[in-house]
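Quick notes on the structure that follows.
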Amino acid sequence: MLDPRILESRRDEIVASCKSRRVDVDVDAAIAAHQRVTEIQTELNGLNQRRNEHQAGGKRKLDPAEREAHVAEGRQLKEEVAELEKRLAAERAALQPLMLAIPNFLHPDSPQGGEADFNELRRVGEPRKFDFQPLDHMALSGKLDLFDFEAGAKVSGQKWYFLKNEAVLLELALQRMAIDFVMEAGFAPFTTPDVARKEIVDGLAFSPRGSESQIYSIEGTDLDLIGTAEITLGGINADTLLDEADLPLRMSGVSHCFRTEAGSAGRESKGLYRVHQFTKVEMFAITRPEDSAAMHDEIVAVEERILQALEIPYRVIDIAAGDLGAPAYRKFDIEGWMPMRGDGGDYGELTSASNCTDYQARRLKTRFRRADVKKNEFVHTLNGTAIAVPRTIVAILENHQRSDGSVAIPAALQSYLGLERIGPR
RNA sequence: GGAGAGGUGGCCGAGCGGUUGAAGGCAGCGGUCUUGAAAACCGCCAGGGGUGCAAGCCCCUCGAGGGUUCGAAUCCCUCCCUCUCCGCCA
């Protein structure tokens with residue numbers, strides 16, 4: 001959420017951001033609503049002041065007639081206050097949905113446009129030339145018996161799956177390797193709950209309601225299944241005043257992630273690329289405002305080190321405004337080369353790193369105290385993927401397959417997996 | 001699931017219905033002392049909001065929401081949450 005007080009002074013910028021993001025919000029209505037809220041607030045403050053003065057006068061000894069008059073006046077004031085409070089609550093309620101609909105500011109370098117209009121920042125690694133006909137990860141699984149979507153569909157539904165055999169080891173090994181990389185970079189590891197209170201989910205600006213919701217809710221409770229450990233890690237410091245000396249805070253979380261994938265039927269839906277549940281190691285950072293841009297780069301650097309270790313060719317892209325989520329000020333995705341994606345191979349999203357500036361912190365009420373300034377400030381929050389297991393498995397299988405149907409395991413992963421290859425069978 | 005206890009400032013923890021926005025402690029900040037540091041001692045120090053160039057002034061907040069009262073952190077009701085014990089259980 002933005003600070004409603006800056007709406008007016010940065011109005012044009014916000015309107016432009018909404019347009020770039022293809023978000024339809026009435027910024028002027030929000031400005032007007034906020035004005036009404038402050039007007040009533042001011043009026044209420046004055047009335048409360050009168051009431052307080054009146055009450056102070058009631059402490060004296062009063063004769064019965066005076067007391068009676070005093071009491072009557074007190075009742076009158078009380079009613080007026082109640083009336084104003086009611087109006088204030090109503091105006092606040094009107095402002096709230098408008099504020100929630102307004103996305104974060106936009107980084108000046110974020111490209112305009114939609115999903116296809118990203119800026120490519122760099123490419124690392126050469127897509128491999130195969131001297132045989134490579135298979136996609138589903139076909140490889142057919143040979144190697146690594147996952148079972150039929151059983152997943154039977155037991156849980158479309159896009160649910162079982163990993164089997166070496167794929168299970170791969171899932172565990174990738175997590176373990178990722179944890180080593182993030183710890184090396186100073187991100188303290190956590191396992192997190194796979195559910196969170198709606199209040200926390202809301203605070204991170206994931207909307208669990210509405211038909212396009214990506215979030216599963218647990219009926220009869222106020223809990224949602226998390227879509228990413230960003231939610232639980234961010235929740236840790238909700239409603240907290242941190243010391244400047246504690247920043248930056250680097251955390252990482254191992255969790256399962258659940259996504260309804262509402263509205264994405266048929267979209268890149270082959271196999272493990274888009275599923276309802278997956279395991280992920282996530283980085284989450286809390287910084288001072290002036291440090292968030294550097295932290296963003298730091299997170300991307302960790303992501304790159306991991307992909308380099310896995311010998312997956314990739315490119316880093318700066319996501320266009322129209323493809324950013326509401327909380328993201330700027331987002332860098334890393335797309336890994338997937339030989340069987342599209343027609344003759346293509347890059348597909350493997351990780352994603354966002355700088356959410358103070359957008360999440362404002363709703364979460366995560367602030368910090370500077371050593372020398374009395375005014376407390378909201379922190380900046382950032383998140384990035386260390387490993388999203390299924391997609392990484394896709395990239396490893398497809399990139400490192402061999403003509404005999406086996407898969408070579410990258411050297412850096414071998415000790416974690418305990419294998420130099422999978423198959424052939 | 002059953003029984004009980006409790007939710008107060010960055011943290012811990014007091015708090016007869018008006019003098020408590022809140023004792024005390026810790027942490028933090030400033031100072032005295034010290035070659036320096038520690039210790040000791042002295043002082044300052046809740047958060048949010050409105051208004052103002054500013055100093056300041058004002059309002060709100062003791063889990064949330066209602067109620068009683070001229071007046072509630074203190075009394076009543078509802079809800080939420082946390083903890084302890086018992087049961088069940090990986």
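Basis for what follows: all heavy atoms, side chains included, without hydrogens, waters or symmetry-related copies. Below, read A as the first sequence line, B as the second, and so on, with proteins coming before strands; counting in each chain starts at 1.
B:G15 and B:A72 have their C1' atoms separated by 13 Å, given to the nearest Å. Going from the P atom of B:G2 to that of B:A14 covers 30 Å, rounded to whole Å. When the P atom is compared between B:U8 and B:A3, the two are found 25 Å apart, to the nearest whole Å. For B:A64 and B:C80, the C1' atoms lie 7 Å apart once the distance is rounded to whole Å. Rounded to whole Å, the P atom of B:C11 lies 33 Å from the corresponding atom of B:U68. Comparing the P positions of B:U78 and B:U84 gives a spacing of 26 Å, expressed to the nearest Å. Taking atom P on both B:C29 and B:C85, the two are 38 Å apart, rounded to the nearest angstrom. Using atom C1' as the reference point in both B:G25 and B:C45, the two lie 14 Å apart (nearest Å).
Look at CG on A:Asp243: it is 18 Å from P on B:C45, rounded to the nearest Å. Protein atom CD of A:Glu79 is 12 Å distant from nucleotide atom P of B:C70, rounded to whole Å. In this entry the distance linking CG of A:Asp239 with P of B:A46 reads 19 Å, nearest Å. Whole-Å rounding puts the A:Gln41 CD to B:U51 P distance at 9 Å. Atom CG of A:Asn52 is separated from atom C1' of B:U19 by 15 Å (rounded to the nearest Å). Rounding to whole angstrom units, CG of residue A:Leu88 and C1' of B:G50 are separated by 11 Å. Distance, A:Arg370 CZ to B:C29 P: 16 Å, rounded to whole Å. Between the CG atom of A:Leu47 and the P atom of B:G50 there is a distance of 18 Å, given to the nearest Å.
Between A:Arg50 and A:Glu377, it is A:Glu377 whose nearest contact on RNA chain B lies nearer the 5' terminus.
We find that A:Lys365 and A:Asp239 are not joined by a salt bridge, their nearest charged nitrogen and carboxylate oxygen being 4.0 Å or further apart. Ion pairing between a basic and an acidic side chain is recognised when a charged N comes within 4.0 Å of a carboxylate O; A:Arg176 and A:Asp180 show such pairing. Under 4.0 Å is where a charged nitrogen must lie from a carboxylate oxygen, and between A:Lys198 and A:Asp222 no such pair does. Using a 4.0 Å cut-off between a side-chain N of Lys or Arg and a carboxylate O of Asp or Glu, A:Arg11 and A:Asp28 qualify as a salt bridge.
For the OP1/OP2 pair of B:G47 and a distance below 4.0 Å, the side-chain nitrogens and oxygens of A:Asn376 include at least one atom meeting the criterion. Neither OP1 nor OP2 of B:A46 sits under 4.0 Å from any side-chain N or O of A:Lys375. Neither OP1 nor OP2 of B:G47 sits under 4.0 Å from any side-chain N or O of A:Lys365. An OP1 or OP2 oxygen of B:C60 is reached within less than 4.0 angstrom by a side-chain nitrogen or oxygen of A:Asn48.
B:U84 and B:A3 make up a base pair, with Watson-Crick or G-U wobble contacts both under 3.5 Å. Nucleotide B:U19 forms no Watson-Crick or G-U wobble pair with any nucleotide shown, as no partner meets the under 3.5 Å limit on both distances. Look at B:A72: it lacks any Watson-Crick or wobble partner with both distances under 3.5 angstrom. Base pairing of B:U61 is made with B:A46, judged by Watson-Crick or G-U wobble geometry with both donor-acceptor distances under 3.5 Å. Both distances falling under 3.5 Å, in either a Watson-Crick or a G-U wobble arrangement, occur for no nucleotide opposite B:A38.
Checking B:U68, B:G47, B:G50 against the side-chain heavy atoms of A:Arg367 singles out B:G47 as nearest. Closest contact between the side chain of A:Arg197 and the listed nucleotides B:C81, B:C60, B:U51 involves B:C81. In the set B:G10, B:C58, B:G48, the nucleotide with an atom closest to the side chain of A:Leu241 is B:G10. When distances are taken from the side chain of A:Gln49 to each of B:U69, B:C58, B:C81, the shortest belongs to B:C58. Looking at the side chain of A:Arg369, the nearest of the listed nucleotides B:G47, B:C59, B:G71 is B:G47. For A:Arg51, whose side chain is taken as the heavy atoms from C-beta onward, the closest listed nucleotide among B:G49, B:G71, B:G48 is B:G71.
Here the CZ atom belonging to A:Arg402 is positioned 6.5 Å from the CZ atom belonging to A:Arg421, to the nearest 0.5 angstrom.
Contacts of A:Arg5 with the nucleic acid, taken as non-hydrogen atoms under 4.0 Å apart, involve only primed sugar atoms and P, OP1 or OP2.
In this structure, A:Phe149 has its ring center closer than 6.0 angstrom to the ring center of A:Tyr161.
Inter-residue side-chain proximity for A:Phe206 and A:Thr228 is flagged as met; some heavy-atom pair is nearer than 4.5 Å.
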